[in-house]
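Input: a single structure, listed below in structure tokens.
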Amino acid sequence: MTTPFTIETIAAHVGERVTVKGWLYASTHKGKLLFLQLRDGTGITQAVAFRPEVGDELFESLAHLGQESSLIVTGTVRANPKAPGIPAGYEIGVEEAHILQNAVDYPIGPKEHGVEFLMDNRHLWLRSKQQWAIMRVRTTIKRAIIDYLDDHGFYNIDTPILTPSAAEGTSTLFEVDYFDEKAYLAQTGQLYNEANIMAFGKVYCFGPTFRAEKSKTRRHLAEFWMVEPEMAYYDLEDLMNLEEEFVSYIVQTTLEQRAAELELLGRDLAALRNVIPPFPRISYDEAVERIQAIRAATDDPIQKELLAIEWGDDFGSPHETELTKQFDKPVFVYGYPSAVKAFYMEPWPGRPEVCKSVDLLAPEGYGEIIGGSERMSDPDVLLAAIHRHELPEVNYQWYIDLRRYGGVPHSGFGLGLERTVAWICGIDHIRQTSPFPRTLNRLTP
RNA sequence: UCCUCAGUAGCUCAAUGGCAGAGCGUGCGGCUGUUAACCGCAAUGUUGUUGGUUCGAGUCCAACCUGAGGAGCCA
């Protein structure tokens, strides 16, 4: 009797005869013993073949299988504290095996490889333990995002990817031909979300977005996923309350469900357990003062130059990194100068040069994972802002309409999935958080 | 677009201006407990491209190509 099972659940199958349909991750041998690391997509486990038990013919064929050969192995599960794997501590004594294909010259070995080589082989690299673990964490984070919002009264209303003009008027967009007209790949669904909340109250969109900026850093992709919740009758404080509950839920859920993967990635789990509300909230004014103090305290001339800032300047990466080092949780920075933010943000009461924006900066140098704001609610102020930013008014008529017909205070934010995955996984480059990342120099595979 | 660094065997990297090397991987052989096993043997090169300096260039010079990290911009 054979029990269908997955490697993930091997602990519950000790003493049973099982069949693994998978691939050969690695193998080694010692005389009449052969150790096969098998993976099936859910985990990795060791299968042990003993020559006198399986016979010379099968033993020889298994011994000469190349890495990533496909095979089906049947045998009995037993506990063995020394057996490696995910989960470790169990192995299968091989009784039968059917080889589907012997893979020859698999390019990725267990030793080190360079980034370019690995990215050229991204279609294969995904099979490696680390990449596999990151993608499992990613799926869990996506699920947590959707669960949280669906459980808190949000409707998932989709927004278009093909758009007639730049939503924010700032980023560089990918241009496409739309029946002989110019169209652009969406950089955000936010403006459409604002229309949707007036119909549904609380909504979110969650999908890919595109930025054609020639950014070439460990934090940027040309195509990335963003979840954008938008809420009617939410002010800036409501927004921050939601964001910290949301982010904490994502982190804690991932910790519960993917601790093994995070440990495999070498993540400091204590730092993640600490991500619970409340998060520190500091004003832009205070942030500038803090950065200036950090700059005054450093003797490094390069740092001194990078950290130069005056009120009114937007933060660069070095500013964010140094600022977040002062906290052991994500930190809110609110009340940025209107001049460095998008046109649609509500002015601060009594301080028109400041807007009701808030960014959430991840700790440990991971930078901005959320950008959000309370949106402008007055149609005339909005129209003036559109003119000031020299945006084509005709494309924004419908957006202004939202303020004419039952305008209300409302807020929303966008959370970058890949940056969040990078932070939670503790990996140093965003390209590993996307199965097939699109970057400045890479469109393939 | 700008700054910095890199490009040599399938991969990761060595090589004072003077014979092109090692480890890993691969192939063959040995071993009943491997964990990136170990031991023995073997095969593997258009040194990114083009031009220049030199008796002689992987090495020095110039341009270009490709990639990486960072700045700007942003999630």
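Per chain, numbering begins at 1; letters A, B, ... match sequence-line order.
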Requested in this report: Quick one: pull up CD in A:Glu60 and CG in A:Leu65 and give me the separation to the nearest 0.5 Å.
Outcome: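 Separation between the atoms: 11.0 Å.
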**Report entry** Pairwise distance CD(A:Glu320) to OH(A:Tyr366) - rounded to 0.5 angstrom
**Finding:**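 Atom-to-atom, A:Glu320:CD and A:Tyr366:OH are 14.5 Å apart.
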For [X], answer base if it contacts any base atom (sugar-phosphate contacts may also be present), sugar-phosphate if it contacts only those atoms, and nothing otherwise; contact means non-hydrogen atoms under 4.0 Å.
| X | result |
| --- | --- |
| A:Gly367 | nothing |
| A:Glu53 | nothing |
| A:Phe117 | sugar-phosphate |
| A:Ala83 | base |
| A:Asp314 | sugar-phosphate |
| A:Ile370 | sugar-phosphate |
| A:Pro84 | base |

Could you state the [atom1]-[atom2] distance from [X] to [N], rounded to the nearest angstrom?
| X | N | atom1 | atom2 | answer |
| --- | --- | --- | --- | --- |
| A:Leu34 | B:rG33 | CG | C1' | 12 Å |
| A:Asp120 | B:rU66 | CG | P | 14 Å |
| A:Leu36 | B:rA37 | CG | C1' | 15 Å |
| A:Lys129 | B:rU35 | NZ | P | 13 Å |
| A:Gln37 | B:rU34 | CD | P | 13 Å |

Requested in this report: Give a yes or no on whether the ring-centroid distance for A:Phe315 and A:Tyr284 is below 6.0 angstrom.
Outcome: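 Ring centroids of A:Phe315 and A:Tyr284 are less than 6.0 Å from each other.
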Query - A:Phe343-A:Tyr396 aromatic ring centre distance below 6.0 Å - result: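 That pair passes the under 6.0 Å test.
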Report task. May I ask you to say whether A:Glu261 pairs ionically with A:Arg138, meaning some side-chain N is under 4.0 Å from a carboxylate O? Result ->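 No, A:Glu261 and A:Arg138 are not salt-bridged.
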Query raised in the report: Hey, are A:Arg281 and A:Glu244 close enough for a salt bridge, meaning a charged N less than 4.0 Å from a carboxylate O?
Result: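 Yes.
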Query - Quiz item: A:His220 side-chain donor-acceptor pair to B:rC74 base, under 3.5 Å - result: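 Present.
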Query raised in the report: Any donor-acceptor pair under 3.5 Å between the side chain of A:Gln46 and the base of B:rU35?
Result: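 It does not, because no donor-acceptor pair links the side chain of A:Gln46 to the base of B:rU35 below 3.5 Å.
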With rounding to the closest Å, how many angstrom separate the [atom1] atoms on [N] and [M]?
| N | M | atom1 | result |
| --- | --- | --- | --- |
| B:rG58 | B:rU16 | C1' | 14 Å |
| B:rA14 | B:rC73 | C1' | 40 Å |
| B:rU46 | B:rU53 | C1' | 22 Å |
| B:rG40 | B:rU59 | P | 35 Å |
| B:rG70 | B:rG29 | P | 48 Å |
| B:rU8 | B:rG21 | C1' | 10 Å |
| B:rA9 | B:rG45 | C1' | 6 Å |

Requested in this report: Could you check if a side-chain atom of A:Arg295 sits within less than 4.5 angstrom of a side-chain atom of A:Glu322, using non-hydrogen atoms only?
Outcome: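 Counting from C-beta outward, A:Arg295 and A:Glu322 never come under 4.5 Å.
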Query - Base of B:rG33 and ring of A:Phe35 stacked, centres under 5.5 Å, planes under 30° - result: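 A stacking contact does not exist, since A:Phe35 is not both close and nearly parallel to the base ring of B:rG33.
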Query raised in the report: Ignoring hydrogens and geometry, is there a side-chain-to-backbone donor-acceptor pair from A:Asp40 to A:Gly43 under 3.5 Å?
Result: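 Side chain of A:Asp40 to backbone of A:Gly43: a pair is present.
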Query raised in the report: Closest heavy-atom contact between A:Lys21 and A:Ile72?
Result: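 The answer is CG-CG1, 3.9 Å.
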Requested in this report: Give every residue pair that meets the ring pair (Phe, Tyr, Trp, His ring centres under 6.0 Å) criterion with at least one member in residues 72-119 of chain A, sequence neighbours excluded.
Outcome: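 Of all non-adjacent pairs touching residues 72-119 of chain A, those that pass ring pair (Phe, Tyr, Trp, His ring centres under 6.0 Å) are A:His113-A:Phe117.
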Pairs under 3.5 angstrom, nitrogen or oxygen only, protein versus nucleotides 68-71 of chain B, please.
residue : atom : partner  : partner atom : Å
B:rA68  : OP2  : A:Asn441 : ND2          : 3.2
B:rA68  : N7   : A:Lys216 : NZ           : 3.2
B:rG69  : OP1  : A:His429 : NE2          : 2.7
B:rG69  : OP1  : A:Arg431 : NH1          : 3.0
B:rG69  : OP1  : A:Arg431 : NH2          : 3.0
B:rG69  : O3'  : A:Arg218 : NH2          : 3.1
B:rG70  : OP1  : A:Arg218 : NE           : 2.1
B:rG70  : OP1  : A:Arg218 : NH2          : 3.0
B:rG70  : OP2  : A:Arg218 : N            : 2.8
B:rG70  : N7   : A:Lys216 : O            : 3.3
B:rA71  : OP2  : A:Arg219 : NH2          : 3.3

Query raised in the report: Want to settle it: does A:Asn80 or A:Ile369 sit nearer the 5' end of RNA chain B, counting the closest nucleotide to each?
Result: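 The residue closer to the strand's 5' end, by nearest nucleotide, is A:Asn80.
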Query raised in the report: On RNA chain B, nearest-nucleotide positions of A:Val340 versus A:Gly114: which is more 5'?
Result: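 So the residue in question is A:Gly114.
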Side-chain donor/acceptor pairs under 3.5 Å, residues 219-229 of chain A, sequence neighbours excluded:
residue  : atom : partner  : partner atom : Å
A:Arg219 : NH2  : A:Ser317 : OG           : 2.5
A:His220 : ND1  : A:Thr217 : OG1          : 2.6
A:Glu228 : OE1  : A:Thr188 : OG1          : 3.4
A:Glu228 : OE1  : A:Gly189 : N            : 2.7
A:Glu228 : OE2  : A:Thr188 : OG1          : 2.5

**Report entry** Range-with-range stems of RNA chain B (Watson-Crick or G-U pairs under 3.5 Å, three or more in a row)
**Finding:**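 Ordered by first number, the stems with RNA chain B (at least 3 consecutive pairs each) read B:1-7 with B:65-71, B:10-13 with B:21-24, B:26-30 with B:38-42, B:48-52 with B:60-64.
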Query raised in the report: Listed by chain and number, what are the side-chain hydrogen bond (donor to acceptor under 3.5 Å, both in side chains) partners of A:Asp268, not counting sequence neighbours?
Result: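 Once residues adjacent in sequence are excluded, A:Asp268 has no partner under the side-chain hydrogen bond (donor to acceptor under 3.5 Å, both in side chains) criterion.
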Report task. List the steps, then state whether side chain to side chain donor-acceptor pair (under 3.5 Å) holds for A:Thr76 with A:Glu95. Result -> CA-CA 8 Å; A:Thr76 301; A:Glu95 291 158 26; 2.6 Å; yes
Query raised in the report: In B/S/- notation, 5' to 3', how is nucleotides 22-31 of chain B contacted by protein heavy atoms closer than 4.0 Å?
Result: --S---S-BB
